[in-house]
Novice: 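After the structure tokens below, expect a handful of questions from me.
Hydrogens, waters and symmetry mates are skipped; everything else that's a heavy atom, side chains included, is used. Residues take their numbers from the sequence shown, with the count starting at 1.
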Amino acid sequence: QVQLVESGGGLVQAGGSLRLSCAASGRTFSTYAMGWFRQGPGKERNFVAAISSSGDRTDYLDSVKGRFSISRDVAKNTVYLQMNSLKAEDTAVYYCAARSAYYSPSTVYNGKSNYEYWGQGTQVTVSS
């Protein structure tokens, strides 16, 4: 069982930056692939970014490429989402997700159904 706790959300002006953190419980964090998803008002939850359990591969939603960066710190059991040049359309609740990837350390997963564990979400609001 893995528990995920997001933090770092808030209100920021367009063009600003935020860094989201997702702290994971458990001693096997290094074997979990991680992802970030977001859900805007009245919208479905959609993929934003993902990182393999080994940390050597990442994937991004096209609209955030070049602006967002996902990374992980195994020593801290934490995955980060650095968000730069934020736009009003980035406003959403951001969710961290995890799935076991012991046998596929270099695989990234960008589908909601790929993930077993979810955090409670953190609100990001970008004012224009």
Novice: For the hydrophobic clusters of this structure (ILVMFWY residues joined by side-chain heavy atoms under 4.5 Å, transitively), does one cluster hold both Val48 and Val126?
Specialist: yes
Novice: About how many Å separate CZ of Arg67 and OH of Tyr60, when rounded to the nearest 0.5 Å?
Specialist: 12.0 Å
Novice: CG of Asn110 to CG of Asn46: how many Å apart, nearest 0.5 Å?
Specialist: 11.0 Å
Novice: Side chains of Leu18 and Val124, heavy atoms from C-beta outward: is any pair under 4.5 Å?
Specialist: yes
Novice: Has Thr91 got a side-chain atom pairing as donor or acceptor with Thr125's backbone, closer than 3.5 angstrom?
Specialist: no
Novice: Going by the rule side chain to side chain contact (heavy atoms under 4.5 Å, CB included), which residues pair with Ala92 if we only count those two or more places apart in sequence or in a different chain?
Specialist: Arg38, Tyr94
Novice: Roughly how far apart are Glu44 CD and Gln39 CD, rounded to 0.5 Å?
Specialist: 8.5 Å
Novice: Drop me the distance from Lys87's NZ to Ser63's OG, to the nearest 0.5 angstrom.
Specialist: 7.5 Å
Novice: What's the separation between atom CD1 in Ile70 and atom CE in Met83, rounded to the nearest 0.5 Å?
Specialist: 12.0 Å
Novice: Do the side chains of Arg45 and Trp118 get nearer than 4.5 Å, heavy atoms only?
Specialist: yes
Novice: Tell me whether Tyr115 contacts the main-chain N or O of Tyr109 through its side chain, where contact means a donor paired with an acceptor under 3.5 Å.
Specialist: yes
Novice: Output the distance between atom CG (Leu86) and atom OG (Ser128), rounded to the nearest 0.5 Å.
Specialist: 12.5 Å
Novice: With a 4.5 Å limit on heavy-atom distance, are the side chains of Ser71 and Gln82 in contact?
Specialist: no
Novice: List the atom pairs, with distances to 0.1 Å, where a side-chain N or O of residues 4-16 and a protein N or O form a donor-acceptor pair under 3.5 Å, not counting sequence neighbours.
Specialist:
from : atom 1 : to     : atom 2 : distance (Å)
Glu6 : OE1    : Gln120 : N      : 3.0
Glu6 : OE1    : Gln120 : NE2    : 3.4
Glu6 : OE1    : Gly121 : N      : 2.9
Glu6 : OE2    : Cys96  : N      : 2.8
Glu6 : OE2    : Gly121 : N      : 3.2

Novice: If you look at every heavy atom in Ser53 and Pro105, which pair is closest and at what distance?
Specialist: OG-CA, 3.1 Å
Novice: Measure across Thr78 and Ser21 and return the closest heavy-atom pair with its distance rounded to 0.1 Å.
Specialist: CG2-CB, 4.2 Å
Novice: Grouping I, L, V, M, F, W and Y whenever their side-chain heavy atoms are under 4.5 Å apart, do Leu61 and Met34 come out in a common cluster?
Specialist: yes
Novice: Spell out, yes or no, whether Trp36 and Val64 are grouped together once hydrophobic residues are joined by side-chain heavy atoms under 4.5 Å, including indirect joins.
Specialist: yes
Novice: Check for a donor-acceptor pair, side chain of Arg72 on one end and backbone N or O of Phe29 on the other, with a separation under 3.5 Å.
Specialist: yes
Novice: If you define the side chain from C-beta out and look only at heavy atoms, does anything of Ile51 sit under 4.5 Å from Tyr32?
Specialist: no
Novice: So which atom in Ser106 and which in Asp56 form the shortest heavy-atom distance, rounded to 0.1 Å?
Specialist: OG-OD2, 2.9 Å
Novice: Which residues end up grouped with Tyr103 if you chain together Ile, Leu, Val, Met, Phe, Trp and Tyr wherever their side-chain heavy atoms are less than 4.5 Å apart?
Specialist: Tyr102
Novice: Report the C-alpha separation of Lys65 and Asp62 in whole Å, then their side-chain angles, then the decisive distance to 0.1 Å, and conclude whether the salt bridge (Lys or Arg N to Asp or Glu O under 4.0 Å) test is met.
Specialist: CA-CA 5 Å; Lys65 285 180 180 178; Asp62 283 348; 3.1 Å; yes
Novice: Is Tyr117 reachable from Val108 through a run of I, L, V, M, F, W or Y residues, each pair having side-chain heavy atoms under 4.5 Å apart?
Specialist: no
Novice: Could you go through Thr107 and Ser52, starting from their C-alpha distance and side-chain angles, then the distance that decides it, and tell me whether this counts as side chain to side chain contact (heavy atoms under 4.5 Å, CB included)?
Specialist: CA-CA 5 Å; Thr107 300; Ser52 61; 5.8 Å; no
